[in-house]
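What follows is a short report on a single structure.
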Amino acid sequence: MTEPNKRANLDLSGYQPAAGGIAARARASAAPAYLSGLNPEQREAVESLDGPVLVLAGAGTGKTRVLTTRIAHILSTGRARPAEILSVTFTNKAAREMKLRLGQMLGQAVEGMPWLGTFHSIGGRILRYHAELVQLTSNFTVLDTDDQIRLLKQLLAADNIDDKRWPARMLAGLIDGWKNRGLTPSQVPAGEAASFGNGRGGKLYAAYQERLKVLNAADFGDLLLENIRLFREHPDVLRQYQGRFKFILVDEYQDTNVAQYLWLRLLSQAPSQSSLPGSTRQSITSREDGSPGLDASRRPGDDDKASGGVQTTAPKNICCVGDDDQSIYGWRGAEVDNILRFDHDFPGAKVIRLERNYRSTGHILAAASHLIAHNEGRLGKTLRTEDVDGEMVTVTGAWDSEEEARGIGEEIEQLQRQGHKLNEIAILVRASFQMREFEDRFVTLGLPYRVIGGPRFYERAEIRDALAYLRVINSPADDLAFERIVNVPKRGLGDATVQMLHDHARKRKIPLFEAARLVIDTDEMKPKARSSLRGLIENFERWQVQRNALSHTELAEIVLDESGYTEMWQKDRSADAAGRLENLKELVRSMEEFENLQGFLEHISLVMDRDGAADEDAVSVMTLHSAKGLEFETVFLPGWEEGLFPHQRALDDQGRAGLEEERRLAHVGITRARRRAKLYFATNRRIHGTWNTTIPSRFLDELPQANVEITESKGGSGWGGMSGYGPSRFDNVESFGSSYSTPGWQRAQAQRGKNGGGGRSGGGGFSESSSPFSDRGASPGARRAPFTIEGELVAKSTGAESDFTLSDRVFHQKFGYGQVTKIDGNKLTIAFDKAGEKKVVDSFVQRV
DNA sequence: ATTCGAATATTTTTT
DNA sequence: ATATTCGAAT
């Protein structure tokens, strides 16, 4: 749907702020065209430009339209220029959509809003401008989850912590959580910090942050947390941004976490003049100093009365749009409280409710509303529609998950025969393992389908490997990247070598790459391994030079070729090797979108999402979470069983709050449907390989009978009753199609490979990823010469003079005792008593 | 150092 | 049931 030449639409270069005349005309006479067609609430949300505004926009009430129109309104009334509007979304998809619709609305009016993007991309962008102030350089690497965990593993190993008992994953989760709550290592409540690794959790977090600085890297959480730290420690920088952003718009406000809230809050204050230089800092930090308890950190707004009141500056024109009933990311730190307490956090806020739904028919809307009404702790909205009642929501029971898939497959075929588009049909599941059954079924039926949100393109091993090569070229200090590819393809550089490099690097406090460069001039390694390592280092040094002469895409091709990486897959006989090669090509192709290697690497981890070409007519299969914001004519919602939906784990971990979030998820699911919502439950489901008998979800009981129809329930009486669903009701398994020949995992795999990896137009391909910014040339990151780091490091490592002196008696782990005969910087030549004369690096020997 | 095999954990959701 | 991870064997 959203295809190529959007770039043209978005290239809004020649924009000039509208002259006052237009604004005046807009106010005086007929409203501008973009305002017509809005209902009164929407229009109020668009036109209330001054002061804080919270727009409670229920599902399908035109949220995006309001946001984009509001921006258009700000621009065309001349209240601000594009670069003065900060507009944050939660996902790249949402950001892209807003850009697209803005472009359509304004014609070619505006050169891309530079500050329209996700929290993370904007945070990262600001961070790159001021990287030095947070102990980074502007070409810092953004670590993904995988890098993060590998790094933590190393730290655990260094601390002799059993990573069986204390998995790195768990620590990563904890650290993530802390960062989501805006807590730096020193601010983590003592009790929580001690809960990991025999009380060493806090120390590990601190060590991790330190390592990140050394690696010149930031993880996702840092993009915000370090931003907050930057603003707090450098009020002048904060003021600069406060002054710049005349208007702030936030999408999906219910999904913001504490860190995002703090960030927004800092930015949303009017730039404080000289009167209160440290005020922002104090007002925010006072809380953490005061009470590090759980409650304090969970409720950032609590102290606002005290310190926020002291604040003399009025909050700026911030407009948050969200729906508390669609908050489904609590598990990852989102605070529904943020939206529930908005008027407390932003005094004098105007709250506007959008309750008119333009999407769904009466029955669907009624069912969804009735369901969500079971939640406490919501602001409460009453969605209404002027549409017809339409078809009732259906609930269908199946004997097991296979039958469920069969039944849905059949219904889809029937819809197809009736002329419905497959593109207008979606299957929304609670957990991704449910998708397999449908894929299996659709493969046998030959029904085109598209899986949305599976493993991401950049998470594929071959992509990560290729990126690692480029990362090392870009930033030789990137140890994680270096370690990833030292021995990929196999070069005979195994654990022993890596371990040795690590020891050396740690002792000298230099990156692995640098350590390797030194070691290859010594006799530290066996000749074979050494020449192999030397070859690799020389390759990298050559590529680093070539980088200046070649385009980044050419460079990538050369690197993949000369490193032997491509060859490795060409020789690989396994089934998916071809797909991987195809992916690599795709990667190179995608690089063309970026100005240079630097820019590519900067955005790749943030932007590389995939929403494959949607031109093929196919059923969409995805999780409920990834369905948020989408809509379909027909929505199938399988798996409404206790334990799966609501998910057991949500219940166990979060209790009542978890249940409410699950219910919101159910609400999101139903409200995706325009005309048909079809719920299913299976009496038997296979979980972890074993069959379990399940009971229907309590959510089914919470649906209003008047809008729901039970189907396929031959003789089924028990609707609405607690225990209405005995297995006996489903004895007649033949109700669905009979010829189910198990298609087998292989087939599904093959199909998946074809769809995903094979570069087909199916689901898996890498999208024409557009950068969230079209910062041609103007990019702050591109400004810095890429070699700064290298220069520093080289200087550091070669400049250090060894503190050994000639004829020192020394001991070496491998070669035994010997005497120093020559000193060259930090490289020593030593006559060993047994091993003869060897060159070694000084950090490997000790004086005796 | 690499490969193969067994044991083990993993499965909610994602920027 | 599957994928990943760890350990032992070659």
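Reckoned from all heavy atoms, side chains included, excluding hydrogens, waters and symmetry mates. Residue numbers start from 1 in every chain, and the chains themselves are labelled A, B, ... in the order their sequence lines are given, proteins ahead of strands.
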Quiz item: L533(A) has an atom CG; how far is it from atom P of dA1(B), in whole Å?
Solution: 12 Å
Quiz item: Starting at the 5' end of DNA chain B, which residue's closest nucleotide do you reach first, G492(A) or E661(A)?
Solution: G492(A)
Quiz prompt | Nucleotide nearest S432(A) (side chain, heavy atoms from C-beta), chosen from dT2(C), dT13(B), dT2(B) | solution = dT13(B)
Quiz item: Going by an N to O cut-off under 4.0 Å, is there a salt bridge joining R580(A) and D465(A)?
Solution: no
Self-check item: Phosphate-side-chain proximity, T256(A) and dT15(B), N/O vs OP1/OP2 below 4.0 Å
Solution: no
Practice problem: Return no unless some side-chain N or O of N257(A) is found under 4.0 Å from OP1 or OP2 of dT15(B). | Solution: no
Exercise. Please state whether the rings of F90(A) and Y329(A) are parallel, tilted or perpendicular, taking 30° and 60° as the class boundaries.
Key: tilted
Self-check item: Interatomic distance, Q648(A) CD vs dT13(B) P [rounded to whole Å]
Solution: 16 Å
Quiz prompt | Salt bridge E439(A)-R436(A), side-chain N to carboxylate O under 4.0 Å | solution = no
Quiz item: For the side chain of K490(A), counting heavy atoms from C-beta on, which of dT15(B), dT13(B), dT2(B) is nearest?
Solution: dT2(B)
Quiz prompt | Toward the 5' end of DNA chain B, by each residue's nearest nucleotide, D495(A) or H625(A) | solution = D495(A)
Quiz item: Could you state the CZ-C1' distance from R125(A) to dT15(B), rounded to the nearest angstrom?
Solution: 18 Å
Quiz item: Going by atom types alone, do Q260(A) and D255(A) pair a side-chain donor with an acceptor below 3.5 Å?
Solution: no
Quiz item: CG of L143(A) versus P of dT14(B): gap in Å, rounded?
Solution: 20 Å
Exercise. Classify the nucleic acid contact of F119(A) as base, sugar-phosphate or nothing, counting any heavy atom under 4.0 Å across all strands shown.
Key: nothing
Exercise. Return the value, rounded to whole Å, for the distance between atom CE of M568(A) and atom C1' of dT2(B).
Key: 14 Å
Quiz item: So, E226(A) and R229(A), do they make that salt bridge, N to O below 4.0 Å?
Solution: yes
Practice problem: Output the single nucleotide from dT11(B), dT3(B), dA1(B) whose closest atom is nearest the side chain of T497(A). | Solution: dA1(B)
Quiz item: Are the charged groups of E660(A) and R378(A) less than 4.0 angstrom apart, N to O?
Solution: no
Practice problem: Using a strict 4.0 Å threshold on nitrogen-to-oxygen distance, state whether K63(A) and E252(A) make a salt bridge. | Solution: yes
Exercise. Measure from the side chain of T118(A), starting at C-beta and using heavy atoms only, and say which of dT14(B), dT11(B), dT15(B) lies closest.
Key: dT15(B)
Exercise. Would you indicate which nucleotide in dT14(B), dT11(B), dT13(B) comes nearest to any side-chain atom of R332(A)?
Key: dT14(B)
Quiz item: Whole-Å distance between dT13(B) C1' and K628(A) NZ?
Solution: 11 Å
Quiz prompt | Separation of dA3(C) P from F433(A) CZ (nearest whole Å) | solution = 15 Å
Quiz item: How long is the line joining CG of L223(A) and C1' of dT14(B), in whole Å?
Solution: 14 Å
Exercise. Output the residues of residues 147-159 of chain A in contact with DNA chain B, where contact means a heavy atom of the residue under 4.0 Å from an atom of the strand; sort by number or write none.
Key: none
Quiz item: Base, sugar-phosphate alone, or nothing: which one does H647(A) contact when heavy atoms must sit under 4.0 Å apart?
Solution: sugar-phosphate
Quiz item: Where do R663(A) and E702(A) land on the salt bridge (charged side-chain N to carboxylate O under 4.0 Å, His left out) test, with the steps shown first?
Solution: CA-CA 10 Å; R663(A) 193 177 280 118; E702(A) 294 171 359; 2.7 Å; yes
Exercise. Mind checking A496(A) for me? I need base, sugar-phosphate or nothing, with any heavy atom below 4.0 Å counting as a touch.
Key: sugar-phosphate
